[in-house]
Number of protein chains: 2
Amino acid sequence: MEKSPKEPRAFLPLTAAMYQILVALADGERHGYAIMREVDAQTVGVIKLGPATLYTSLKRLLASGLVEENGDRPDPRLDDERRRYYRLSGLGRQVAIAETDRLEALVTAARRKPAFNEASASP
Amino acid sequence: MEKSPKEPRAFLPLTAAMYQILVALADGERHGYAIMREVDAQTVGVIKLGPATLYTSLKRLLASGLVEENGDRPDPRLDDERRRYYRLSGLGRQVAIAETDRLEALVTAARRKPAFNEASASP
DNA sequence: GACACTATATCACAATCCGATAGATCGGAG
DNA sequence: CTCCGATCTATCGGATTGTGATATAGTGTC
């Protein structure tokens with residue numbers, strides 16, 4: 001078996017913003033603005049990922065190697081030339097999976113507690 | 001029926017540390033050191049909740065009304081007098097449930113993506 | 001009388017968030 | 001062509017949060 005050069009668990013826990021970005025990139029390449037809209041749509045506006053958080057987080061994810069940038073700029077005739085496309089790295093995918101596992105276990109544990117199952121009040 | 005003076009969703013997303021503390025308090029009253037040990041046991045050491053994070057987070061949770069302190073100090077003959085006991089407030093419980101719902105939806109969405117299910121095989 | 005554990009607490013620095021803002025480009029209406 | 005809203009990337013600066021180190025103190029134990 002191959003050993004990873006970096007241990008995915010060392011990156012946990014991810015911040016909400018970083019995890020949302022990684023999840024949004026799981027489908028494939030996306031550019032920044034598309035990530036913003038996807039997170040907004042997926043969370044029904046609960047999580048507000050503005051440009052500041054997005055681009056600073058993206059920069060950090062690039063620096064730590066969880067995300068890679070596609071060096072090729074798209075042909076201006078086919079796509080908007082300003083766009084920069086990002087994708088999950090192999091490490092980024094492992095980290096995202098590890099974080100998903102962690103959250104899943106946590107949610108399962110929380111649901112086991114009686115206080116967590118009821119939505120609280122009846123109408 | 002009473003309407004909540006504060007909207008639980010306004011507190012989302014919770015930081016990892018704060019959510020862990022709320023989950024640890026879901027079973028009932030606990031003192032700080034017990035929370036620390038419970039989080040350490042529950043996360044198998046992945047999340048390290050040291051005294052700095054614990055007590056500063058607790059102070060913030062108290063200030064925002066998600067957690068209440070039991071004013072009574074235990075009888076020294078029955079329990080360690082130094083202990084301070086904390087419990088979830090009604091609002092804190094609602095916030096914890098809302099965050100659990102959010103995380104559950106996110107994990108479910110992530111699991112739907114092909115890239116997130118396998119621990120990664122190298123072809 | 002030193003060492004480990006329990007228990008609470010703060011400091012100072014680092015990491016991250018995020019509203020505001022800005023500049024560039026695109027697409028279409030007038 | 002010009003204006004204008006949407007798209008797209010980007011940074012600044014203040015605020016929030018995290019955390020290793022450290023302090024204090026009681027309890028137990030060797």
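Computed over heavy atoms, backbone and side chain alike; hydrogens, waters and symmetry mates excluded. First the proteins, then the strands, lettered A, B, ... as listed; each starts at 1.
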Undergrad: Compare the minimum distances between each of C/dC17, D/dT22, D/dT17 and the side chain of B/Thr15, then state the nucleotide with the smallest one.
TA: D/dT17

Undergrad: Under 4.0 Å between a side-chain N/O of A/Ser57 and OP1 or OP2 of C/dT16, yes or no?
TA: no

Undergrad: Answer yes or no: side-chain N or O of B/Arg82 and base N or O of C/dT8 forming a donor-acceptor pair under 3.5 Å.
TA: no

Undergrad: Without decimals, in angstroms, what is the distance between B/Tyr55 OH and D/dA25 P?
TA: 16 Å

Undergrad: State, to 0.1 Å, how close A/Lys113 and B/Asp27 come at their nearest heavy-atom pair, and which atoms those are.
TA: NZ-OD2, 3.0 Å

Undergrad: What is the nucleic acid contact for B/Gly32, judged by heavy atoms within less than 4.0 Å: base, sugar-phosphate only, or nothing?
TA: sugar-phosphate

Undergrad: What integer distance in Å separates A/Leu61:CG from C/dT16:P?
TA: 9 Å

Undergrad: Report yes or no: does A/Arg111 contribute a side-chain atom to a donor-acceptor pair with the main-chain N or O of A/Phe116 at less than 3.5 Å?
TA: yes

Undergrad: Rounded to the nearest angstrom, tell me the gap between atom OH in B/Tyr85 and atom P in C/dT8.
TA: 8 Å

Undergrad: Quick one: which of C/dT6, D/dA10, C/dC17 gets closest to the side chain of B/Tyr33?
TA: C/dT6

Undergrad: Can you check the B/Asn70 CG to C/dT8 P distance for me, whole Å?
TA: 13 Å

Undergrad: So B/Thr53 and B/Lys48, side chain to side chain contact (heavy atoms under 4.5 Å, CB included) or not? Walk me through it.
TA: CA-CA 9 Å; B/Thr53 305; B/Lys48 279 168 202 194; over 6 Å; no

Undergrad: Using the rule given for side chain to side chain contact (heavy atoms under 4.5 Å, CB included), can you reason through A/Leu61 versus A/Leu22, listing the C-alpha separation, both sets of side-chain angles and the distance that settles it, and then say yes or no?
TA: CA-CA 9 Å; A/Leu61 289 170; A/Leu22 294 188; 4.3 Å; yes

Undergrad: Taking B/Arg87 for the side chain and B/Leu25 for the main chain, is one N or O donor matched with an acceptor at less than 3.5 Å?
TA: no

Undergrad: Looking only at side-chain N and O atoms, does A/Arg37 come under 4.0 Å of OP1 or OP2 in D/dC8?
TA: yes

Undergrad: Just checking A/Tyr86: base, sugar-phosphate only, or nothing, at a heavy-atom cut-off of under 4.0 Å?
TA: sugar-phosphate

Undergrad: At under 4.0 Å between heavy atoms, what does A/Thr53 touch on the DNA or RNA strands: base, sugar-phosphate, or nothing?
TA: base

Undergrad: State whether the side chain of A/Arg9 and the backbone N or O of B/Val46 hold a donor-acceptor pair below 3.5 Å, judged by distance alone.
TA: no

Undergrad: According to a strict under-4.0 Å criterion, is A/Arg60 in side-chain N/O contact with OP1 or OP2 of C/dC17?
TA: yes

Undergrad: For A/His31 and D/dA10, what is the distance between atoms NE2 and P respectively, to the nearest whole Å?
TA: 12 Å

Undergrad: Remember a base hit wins even if backbone is also touched, and classify B/Thr56 as base, sugar-phosphate or nothing at under 4.0 Å, heavy atoms.
TA: base

Undergrad: In whole angstrom, give the distance that lies between atom CG of A/Leu62 and atom C1' of D/dT9.
TA: 13 Å

Undergrad: In this structure, how many angstroms lie between the P atom of D/dT19 and the CG atom of A/Leu12, rounded?
TA: 12 Å

Undergrad: Base, sugar-phosphate alone, or nothing: which one does B/Ala52 contact when heavy atoms must sit under 4.0 Å apart?
TA: base

Undergrad: Among D/dG18, D/dT9, C/dT8, find the nucleotide with the atom closest to the side chain of B/Arg84.
TA: C/dT8

Undergrad: Can you check the B/Gln20 CD to D/dT17 P distance for me, whole Å?
TA: 17 Å

Undergrad: Tell me whether the side-chain N/O atoms of B/Lys59 come closer than 4.0 Å to OP1 or OP2 in C/dT10.
TA: yes

